[in-house]
Amino acid sequence: QVQLVESGGGLVQPGGSLRLSCAASGFTWDSAAIGWFRQAPGKEREGVLCISSSDGSTYSADSVRGRFTISRDRAKNTVYLEMKSLKPEDTAVYYCSKHYSTRCYGSTWYLQSRYTHWGQGTQVTVSS
C-alpha cells in the first residue's frame with residue numbers, strides 16, 4: 001500500500017528556513033517522480049516543486065524559484081523540501097505526492113491529475 005507522510009512543518013519567522021520531509025512506503029523513489037504542493041487558506045492547491053526519479057531534474061513554481069529546493073535520499077526513501085527566505089505568503093499546508101510517471105514532464109508537472117497518491121499535509125506558518 002502506497003503511503004506518503006509529511007513532517008517538519010511549524011511556525012517560522014519571515015526570512016527563516018524550514019525543511020519538510022516526505023517519507024514513502026509501498027514504493028521506491030526510483031519508480032516515480034515526486035511533487036510538492038501547497039494550499040493556502042481560501043486558495044486552491046498549487047504546485048511548488050517536482051523532482052523526476054529518472055534523471056533528478058526539478059521544476060518549480062516562479063513564486064519559490066531560488067528559495068525552495070527539492071532533494072531525495074534513496075537510502076531513506078525520503079524526499080525533502082528545503083525552504084529558505086520564507087515569506088508570509090508561503091503560509092500553507094504542504095503536501096507531497098507521487099506522480100504516475102518517473103518524469104515530472106516540464107510543461108505539465110503542476111497538474112494535480114498527474115499525481116496518484118497524496119500525503120496528509122503539514123502546516124507551515126510564516127509569521128512574526
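Just so we're clear, the structure is a prediction, and the values are computed from it rather than from any experiment.
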Which heavy atom of Val64 sits nearest a heavy atom of Val48, and at what distance?
CG2-O, 3.6 Å

Residue pair Pro14 / Ser128: nearest heavy atoms and the distance that separates them:
CD-N, 3.7 Å

Partners of Asp55 by side chain to side chain contact (heavy atoms under 4.5 Å, CB included), sequence neighbours excluded?
Ser52, Ser57

State whether the number of non-hydrogen atoms from other residues, nucleotides or ligands found under 6.0 Å of Glu44 atom CD is greater than 12.
no

Which label fits Phe37 and Trp109: parallel for a plane angle under 30°, tilted from 30 to 60°, or perpendicular past 60°?
tilted

So the disulfide bond (SG atoms under 2.5 Å apart) pairs with at least one residue in residues 78-128 (sequence neighbours excluded) are Cys22-Cys96, Cys50-Cys104

Carefully, step by step, assess Arg38 and Thr91 under the rule side chain to side chain contact (heavy atoms under 4.5 Å, CB included).
CA-CA 9 Å; Arg38 67 184 181 185; Thr91 295; over 6 Å; no

Of all heavy-atom pairs between Ser54 and Arg103, which one has the smallest distance, and what is that distance?
OG-CG, 3.4 Å

Once the angle between the rings of Tyr94 and Phe68 is folded into 0 to 90°, is it parallel (under 30°), tilted (30 to 60°) or perpendicular (over 60°)?
tilted

Please answer: with hydrophobic residues joined when any side-chain heavy atoms are less than 4.5 Å apart, are Leu49 and Val124 in the same cluster?
yes

Name all pairs fulfilling the ring pair (Phe, Tyr, Trp, His ring centres under 6.0 Å) condition that reach into residues 1-25, sequence neighbours left out, sorted by first residue then second.
none

For Gln120, give me all partners under side chain to side chain contact (heavy atoms under 4.5 Å, CB included), at least two apart in sequence or on another chain.
Val5, Glu6

Indicate if Val126 and Leu20 have the same hydrophobic cluster label, given that clusters are the connected sets of ILVMFWY residues with side-chain heavy-atom separations under 4.5 angstrom.
yes

Are Trp36 and Met83 packed together at the side-chain level, in the sense that at least one heavy-atom pair is separated by less than 4.5 angstrom?
no

For Thr102 and Asp30, the nearest pair of non-hydrogen atoms, with its separation, is CG2-O, 3.8 Å

Taking only residues two or more places apart in sequence or in another chain, which ones pass side chain to side chain contact (heavy atoms under 4.5 Å, CB included) with Ser25?
Gln3

Leu111, Tyr59: one ILVMFWY side-chain cluster at the under-4.5 Å cut-off?
yes

Using the rule side-chain contact (heavy atoms from CB on, under 4.5 Å), only one of Arg72, Lys98, Arg74 pairs with Val79; which is it?
Arg72

May I ask you to decide whether Asp90 forms a salt bridge with Lys87, counting only side-chain N to carboxylate O separations under 4.0 Å?
no

Can you tell me how far apart OG1 (Thr58) and CD1 (Ile34) are? Round to the nearest 0.5 Å.
14.0 Å

Gln112 and Tyr95: side chain to side chain contact (heavy atoms under 4.5 Å, CB included), yes or no, with the steps?
CA-CA 11 Å; Gln112 298 179 49; Tyr95 301 88; over 6 Å; no

Euclidean distance, Arg67 CZ relative to Glu82 CD, rounded to 0.5 Å
13.5 Å

Taking side chain to side chain contact (heavy atoms under 4.5 Å, CB included) as the definition, give me every residue that meets it alongside Ala23, ordered by chain and number, with sequence neighbours left out.
Thr78

Are any of the side-chain heavy atoms of Ser71 and Ile51 separated by less than 4.5 Å?
no

Within the side chain of Arg114, is there an N or O that forms a donor-acceptor pair under 3.5 Å with the backbone of His99?
no

What distance do Leu4 atom CG and Ser21 atom OG have between them, rounded to the nearest 0.5 Å?
12.5 Å

In the structure I gave you, are the side-chain heavy atoms of Ser31 and Ser53 within less than 4.5 Å of one another anywhere?
no

Heavy atoms of Asn77 and Phe27 approach each other most closely as ND2-O, 2.9 Å

With hydrophobic residues grouped by side-chain heavy-atom distances under 4.5 Å, do Leu81 and Val12 end up in a single group?
yes

